[in-house]
Amino acid sequence: MILNNKWMSEFSHFSDENVIDTFLVYRYSEGYNQVLLEELKKRNIEIKNFDTDEGYITSFIRSFSRGWQREIKNMFKELQSLGWNKLMHIEAKEKWGRFHFSGGNLSLELSEVINKYKELINDTCSRCGSKDHVQENGADWIEVLCRKCTQNDLKKLVIHEISEKGFIYYNIKSSNNVFLWQDVDCINLNFSEEVQSIDITMNRIVEIFYDVESKSLNFHLFRNLNFLKLLQSIPENTLSSFELEKRKHFLNSLKKCHFCEKKTVYSSSCLLCTESLDNILSGKRQQYLKFYNNIPEIIKEKKQSVQYYLEYWNSQNFFFKNDYFL
């Protein structure tokens, strides 16, 4: 890893602990060593006091998410039993939400131990250490999370207390979480096959984030719980005639899914379970009908796999069990 000038200049803002950790873990990366040594010297920190096997292990562990740290500690115990020491550096990092190991000056035996723990770590919630339903969270910032942590994140995105007057939404950088329909400037709706969203522009500042003022709120189907209830509740006088027609067309187009039994089929595919009876039958109609004799049998079998899918996947499970449906 090569340090660019931006990162070199920003070490001065690191805490003492972060500078020490960065030096011990990344000392073998080109560009790190001299800059960090100079920063440590400025702070009168004697790196030799930390430059031990245990110092390396502590810094390595701290560089990863809290939920993984127990497995990483266990990994080092096994590595040390096989003769590992701090001179045998380990090239590893968190990438796309997962623990990645790319090598180092290690024996094959030590590398095999790390690869074994890599699998264990990636089956562990990076926040709390749980092993329950651990999956990628599917968010913009990718993390490997358990069901509880994933669904706790989704609870923050719930739209609350929707009424003819307005609604409450807490996931903003502001203490004013009450939004009244009378304060709406305009609303834009998007109902493509890929994205179903409500974009609301208020006549007041919604939040200030990194010194940037925003008047906008953005909600998405199966990202924000109660999306459909919000859509239904928007007063007609806040929508242009074009947006009114879009809402009417979308709501009237939703059909009941044969498989998850929610009214979420749009343009032939279910927006919740993603299945489509038309797609299943197309191109294989004769084969399926010959084997099953009738379409109800096809639906019955597919319904079983969909029910498993909705029970297994954390995000879909949350919306399936908690969302508002028409």
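Under the ring pair (Phe, Tyr, Trp, His ring centres under 6.0 Å) criterion, His160 pairs with Tyr170, not counting sequence neighbours. For the side chain to side chain contact (heavy atoms under 4.5 Å, CB included) test, residues two or more places apart in sequence or in another chain that qualify with Ser111 are Phe101, Leu106. The side chain to side chain contact (heavy atoms under 4.5 Å, CB included) test applied to Leu82 returns Glu109, Leu110, Val113, not counting sequence neighbours. The side chain to side chain contact (heavy atoms under 4.5 Å, CB included) search around Thr58 returns Arg62, not counting sequence neighbours. By the ring pair (Phe, Tyr, Trp, His ring centres under 6.0 Å) test, Trp84 is found to be paired with Tyr56, Phe76, residues two or more places apart in sequence or in another chain being considered. Under the side chain to side chain contact (heavy atoms under 4.5 Å, CB included) criterion, Glu243 pairs with Asn188, Leu189, Leu239, Ser240, Lys246, not counting sequence neighbours. In this structure, Phe259 has no ring pair (Phe, Tyr, Trp, His ring centres under 6.0 Å) partners at least two apart in sequence or on a different chain.
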Donor-acceptor contacts under 3.5 Å from residues 319-326 side chains, at least two apart:
unit_1, atom_1, unit_2, atom_2, d
Lys321, NZ, Glu311, OE1, 3.4
Asn322, ND2, Phe318, O, 2.7
Asp323, OD1, Asn226, N, 2.8
Tyr324, OH, Gln232, OE1, 2.7

Could you list the donor-acceptor pairs under 3.5 angstrom formed between side-chain atoms of residues 201-214 and any protein atom two or more places apart in sequence or on another chain?
unit_1, atom_1, unit_2, atom_2, d
Arg204, NH2, Val178, O, 2.8
Glu207, OE1, Lys173, N, 2.6
Ser214, OG, Ser216, N, 3.2

Distance-only criterion, 3.5 Å: show the donor-acceptor pairs between side-chain atoms of residues 250-257 and protein atoms not counting sequence neighbours.
unit_1, atom_1, unit_2, atom_2, d
Asn252, ND2, Lys248, O, 3.2
Ser253, OG, His249, O, 2.6
Lys255, NZ, Asn252, O, 3.4

Which donor-acceptor pairs under 3.5 Å do side chains of residues 260-272 form with protein atoms, sequence neighbours excluded?
unit_1, atom_1, unit_2, atom_2, d
Glu261, OE2, Lys303, NZ, 2.8
Thr264, OG1, Lys262, O, 3.4
Tyr266, OH, Phe191, O, 2.8

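At a threshold of 4.0 Å, the pair Lys215-Asp185 does not count as salt-bridged, since none of the basic side-chain nitrogens sits closer than that to a carboxylate oxygen.
Side-chain atoms of Gln196 come within 3.5 Å of backbone atoms of Ser192 as a donor-acceptor pair (strictly under, hydrogens ignored).
Within 6.0 Å of atom CZ in Arg66, 12 or fewer heavy atoms from other residues, nucleotides or ligands are found, so the atom counts as exposed in its surroundings.
The minimum heavy-atom distance linking Lys302 with Ser305 is given by the pair O-OG, 2.8 Å.
Between Phe219 and Phe167, the angle of the ring planes goes over 60°, which puts this pair in the perpendicular group of the 30/60° scheme.
Pairs of residues two or more places apart, or lying in two chains, that qualify as side-chain hydrogen bond (donor to acceptor under 3.5 Å, both in side chains) and include a residue from residues 125-145 are Glu71-Lys131, Arg98-Glu136, Thr124-Lys131, Arg127-Glu143, Arg127-Asp153, Gln135-Asn314.
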